[in-house]
S.K.: 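Pasting in a structure now, in C-alpha cells, and then I'll have a few things to ask.
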There are 2 protein chains.
Amino acid sequence: MAVTKHSKQRDAIMDELCQRHDHPTAEELYLALKMKMPNLSLGTVYRNLNMLSDDGTIQKISVGGADHFDGNANNHYHMLCSECKRLYDVTYPLLEDIEKKAVNFVDGKITSHTITFIGVCNGCLH
Amino acid sequence: MAVTKHSKQRDAIMDELCQRHDHPTAEELYLALKMKMPNLSLGTVYRNLNMLSDDGTIQKISVGGADHFDGNANNHYHMLCSECKRLYDVTYPLLEDIEKKAVNFVDGKITSHTITFIGVCNGCLH
DNA sequence: TATAATAATAGTAACAATTATCATTATTGA
DNA sequence: TCAATAATGATAATTGTTACTATTATTATA
C-alpha cells in the first residue's frame with residue numbers, strides 16, 4: 001500500500017536515513033532509532049523503507065547480504081568494499097546518455113541504471 | 001574451501017549454467033538438474049556455485065531476492081526487468097576506462113565494476 | 001590395483017533477512 | 001467528537017542461504 005497517513009515513525013526513519021550517508025541496512029537504522037523510540041518495531045522500519053523506495057523517495061540497494069538504503073533519491077553511483085562490505089558514494093559524474101545508447105543492446109525499454117564499483121576502501125587497505 | 005577434487009555434480013552444474021543464458025538462481029539450477037541427477041542436493045548446488053564464483057569461474061549477481069548466477073565470467077552488463085524480475089545480458093560495449101577514471105572519486109582501489117539497467121523487457125511490455 | 005587420506009556429497013538442521021498477520025493505536029476528514 | 005482506516009508493535013511465518021555430519025567418491029601413492 002502507498003503512503004497516505006502521516007506517522008512519527010516514518011518521519012524518524014526519513015530523518016535518520018537522510019542525515020547519514022553510510023547507506024544503512026534496515027536493521028542498522030532500527031538499532032539507531034530504537035534509542036530515541038524504544039518501542040519501534042523492526043517490521044515498521046522494513047514496511048516504511050519499502051513504501052518509500054517504491055515511491056522513489058529513497059533508494060534500495062542490493063549488493064548481496066542485507067539490502068542497503070540511501071536517502072538520496074537522485075541517481076548516483078556506489079562502491080562496495082569487498083572486505084568490510086561497506087557501501088560508499090561515488091561522485092563520478094552521471095553518464096547521462098548511457099540509457100539512450102543502451103536501448104540498442106536491449107529488447108525492451110530502460111527506465112534507469114546503476115553502477116557499482118567493487119574494490120577495497122582505504123580503511124581496509126591500511 | 002577451494003576446488004581440488006573433481007565431481008560429477010560440479011560438472012553438471014557448470015554444464016547447465018553455461019548452456020543457458022537466463023542467469024538462473026541456485027534453486028532454478030537445482031530443479032533443472034534434479035531431473036538428470038535425482039539425488040542432487042540443493043546444498044551442493046549452493047556450495048559449488050559459491051566456490052566457482054569465489055574462483056572467478058562464474059559470476060554471482062545480486063539484484064534483490066535470490067542471487068542469480070552467470071556462466072560467463074567476462075565482465076558484461078545486465079538488464080533487470082522490473083516486472084518479471086528476469087535478468088538479461090546487455091551487449092553494450094565494456095567501458096574500459098571507467099574504473100581508472102573513477103579512482104578520482106573514491107577513497108580506495110577499484111577492482112571491478114557492474115552496470116545494471118533497470119527497465120521492462122519486451123515480453124512484459126506487450 | 002588396493003589402500004589410505006580427504007574432498008565432496010546428501011540430507012537435514014540452523015540461520016539470517018524479510019514479509020505477513022492481527023489486535024491495538026494514531027491519524028484524519030466529516 | 002466520532003467514525004473510518006492507515007499505521008503500528010509484536011510475533012509468526014516464509015524465503016534464501018549456510019552449517020553440520022555421517023557417508024561416498026576421488027585421487028595419490030604404495
Side-chain angles (χ1 to χ4, degrees), chain A residues 1-17 23-55 57-70 80 84-87, chain B residues 1-17 22-55 57-70 80 82 84-87:
Chain A
M1 199 189 295
V3 171
T4 55
K5 289 187 183 172
H6 187 251
S7 100
K8 303 217 156 119
Q9 287 83 347
R10 181 158 47 246
D11 283 352
I13 290 165
M14 272 303 282
D15 282 359
E16 179 73 18
L17 185 59
H23 312 93
T25 64
E27 197 181 24
E28 286 168 346
L29 271 175
Y30 167 72
L31 290 173
L33 290 166
K34 189 83 176 170
M35 312 218 254
K36 301 172 190 176
M37 310 182 88
N39 48 5
L40 176 68
S41 172
L42 179 57
T44 297
V45 176
Y46 271 106
R47 188 169 359 88
N48 278 291
L49 289 173
N50 283 339
M51 291 195 301
L52 292 165
S53 60
D54 287 349
D55 276 357
T57 308
I58 66 173
Q59 282 187 261
K60 182 194 275 196
I61 306 163
S62 297
V63 288
D67 288 339
H68 294 252
F69 294 87
D70 190 336
L80 177 69
C84 64
K85 309 298 180 193
R86 267 190 278 257
L87 198 62
Chain B
M1 198 188 293
V3 171
T4 55
K5 289 187 183 172
H6 188 251
S7 99
K8 303 216 157 119
Q9 288 84 346
R10 182 159 46 246
D11 283 353
I13 290 165
M14 272 303 281
D15 283 358
E16 178 73 18
L17 184 59
D22 62 343
H23 313 93
T25 63
E27 197 182 23
E28 286 168 344
L29 272 174
Y30 168 71
L31 290 173
L33 290 167
K34 190 82 176 170
M35 313 217 254
K36 300 172 190 175
M37 311 183 86
N39 49 4
L40 176 68
S41 172
L42 180 57
T44 296
V45 176
Y46 271 106
R47 185 168 4 86
N48 278 290
L49 289 173
N50 283 338
M51 290 195 301
L52 292 165
S53 60
D54 288 348
D55 275 355
T57 308
I58 66 172
Q59 283 188 260
K60 181 194 277 198
I61 307 165
S62 297
V63 289
D67 288 339
H68 294 253
F69 294 87
D70 190 336
L80 177 68
S82 53
C84 64
K85 311 297 180 193
R86 267 189 278 257
L87 199 60

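Chain letters run A, B, ... following the sequence lines, proteins first, then strands; residues in each count from 1.
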S.K.: Once you round it to whole Å, what is the distance between C1' of D:dG9 and CG of A:L33?
M.R.: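 Rounded to the whole Å, the gap is 15 Å.
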
S.K.: How far apart are the closest heavy atoms of A:Q59 and A:S53, and which atoms are they?
M.R.: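 Shortest heavy-atom contact: C-CB, 4.4 Å.
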
S.K.: Whole-Å distance between D:dG9 P and A:R10 CZ?
M.R.: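 Distance check: A:R10 CZ to D:dG9 P gives 12 Å.
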
S.K.: Please determine if a side-chain N or O atom of A:N50 lies less than 4.0 Å away from the OP1 or OP2 oxygen of C:dT18.
M.R.: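 For C:dT18, neither OP1 nor OP2 has a side-chain N or O of A:N50 closer than 4.0 Å.
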
S.K.: What pair of heavy atoms forms the shortest contact from B:A26 to B:V45, and how long is it?
M.R.: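 Nearest pair, atom of B:A26 first, then B:V45: O-CG1, 3.6 Å.
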
S.K.: What I'd like to find out is whether the side chain of A:M14 reaches to under 4.5 Å of the side chain of A:I58, using heavy atoms alone.
M.R.: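 Yes, at least one pair of side-chain atoms sits under 4.5 Å.
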
S.K.: So, OP1 or OP2 of D:dA25: does either fall under 4.0 Å of a side-chain N or O from B:Q9?
M.R.: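 So the side-chain polar atoms of B:Q9 never come under 4.0 Å of the phosphate oxygens OP1 or OP2 of D:dA25.
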
S.K.: Please report how far the helix from C:dT1-D:dA30 to C:dA30-D:dT1 bends, comparing the axis fitted to its first five pairs with the axis fitted to its last five, to the nearest 10 degrees.
M.R.: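 Here the helix ends are tilted 40° relative to one another.
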
S.K.: So, B:D22 versus B:H68: side-chain donor-acceptor pair below 3.5 Å or not?
M.R.: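 B:H68 and B:D22 do not have a side-chain donor-acceptor pair below 3.5 Å.
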
S.K.: Near DNA chain C, counting only heavy atoms under 4.0 Å, which residues of residues 24-32 of chain B show up?
M.R.: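 Correct list: empty, so none.
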
S.K.: B:L29 versus B:P24: any side-chain heavy-atom pair under 4.5 Å?
M.R.: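 They are in contact (side-chain heavy atoms under 4.5 Å apart), so the answer is yes.
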
S.K.: Starting from P on D:dG9, measure out to NZ on A:K34 and report it in whole angstrom.
M.R.: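 That distance rounds to 8 Å.
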
S.K.: Given C:dT27, is OP1 or OP2 found less than 4.0 Å from the side-chain N or O atoms of A:S7?
M.R.: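 Indeed not, no polar side-chain atom of A:S7 lies that close.
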
S.K.: Checking contacts here: which listed nucleotide (D:dT17, C:dA17, D:dA10) is nearest the side-chain heavy atoms of A:N39?
M.R.: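 Given the options D:dT17, C:dA17, D:dA10, the side chain of A:N39 is closest to D:dA10.
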
S.K.: Below 4.5 Å, heavy atoms only, C-beta onward: do A:T57 and A:M51 meet side chain to side chain?
M.R.: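 A:T57 does not reach A:M51 side chain to side chain.
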
S.K.: Under 4.0 Å from OP1 or OP2 of C:dT9: is there any side-chain N or O of B:S41 that close?
M.R.: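 Indeed not, no polar side-chain atom of B:S41 lies that close.
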
S.K.: Do A:L49 and A:K60 make a side-chain contact, defined as non-hydrogen atoms from C-beta onward lying under 4.5 Å apart?
M.R.: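 No, too far: nothing below the 4.5 Å cut-off.
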
S.K.: A:K5 has a side chain; which of C:dA8, D:dG16, C:dA26 sits nearest to it?
M.R.: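 Closest nucleotide among those given: C:dA26.
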
S.K.: Starting from the 5' end of DNA chain C, give me the residue, B:T4 or B:L40, whose nearest nucleotide shows up first.
M.R.: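 On the 5' side of the pair lies B:T4.
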
S.K.: I need the CE-P distance between A:M14 and D:dA7, as an integer number of Å.
M.R.: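 In whole Å, D:dA7 P lies 15 Å from A:M14 CE.
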
S.K.: Taking the side chain as every heavy atom from C-beta outward, state whether B:T25 and B:F69 have any atom pair closer than 4.5 Å.
M.R.: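 With C-beta onward as the side chain, the pair stays apart.
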
S.K.: Check whether the side chains of A:K34 and A:N39 place a donor and an acceptor atom closer than 3.5 Å, and report yes or no.
M.R.: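 Absent: no donor and acceptor within the cut-off.
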
S.K.: Without decimals, in angstroms, what is the distance between B:M1 CE and D:dA19 P?
M.R.: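 Answer to the nearest Å: 12 Å.
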
S.K.: Within this structure, what is the CG-to-P distance between A:N48 and C:dT27, rounded to whole angstrom?
M.R.: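 Rounded to whole Å, this separation is 13 Å.
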
S.K.: Rounded off to whole Å, could you give me the NE2-to-C1' distance for the B:H6 and C:dA7 pair?
M.R.: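 Taking NE2 of B:H6 and C1' of C:dA7, I get 13 Å after rounding.
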
S.K.: I need the CZ-P distance between B:R47 and D:dT21, as an integer number of Å.
M.R.: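 Rounding to the nearest Å, CZ of B:R47 and P of D:dT21 are 15 Å apart.
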
S.K.: Is there a donor-acceptor pair closer than 3.5 Å between any side-chain N or O of A:R10 and the backbone N or O of A:K5?
M.R.: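 Checking the backbone N and O of A:K5 against the side chain of A:R10, a donor-acceptor pair under 3.5 Å is found.
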
S.K.: Which one, C:dG11, D:dA6, D:dT18, comes nearest to the side chain of B:Y46?
M.R.: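 Nearest listed nucleotide: D:dT18.
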
S.K.: Let's see if you can work this out: which of D:dT8, D:dT26, C:dA10 has an atom nearest to the side-chain heavy atoms of B:K8?
M.R.: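 Per side-chain heavy atoms of B:K8, the pick is D:dT26.
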
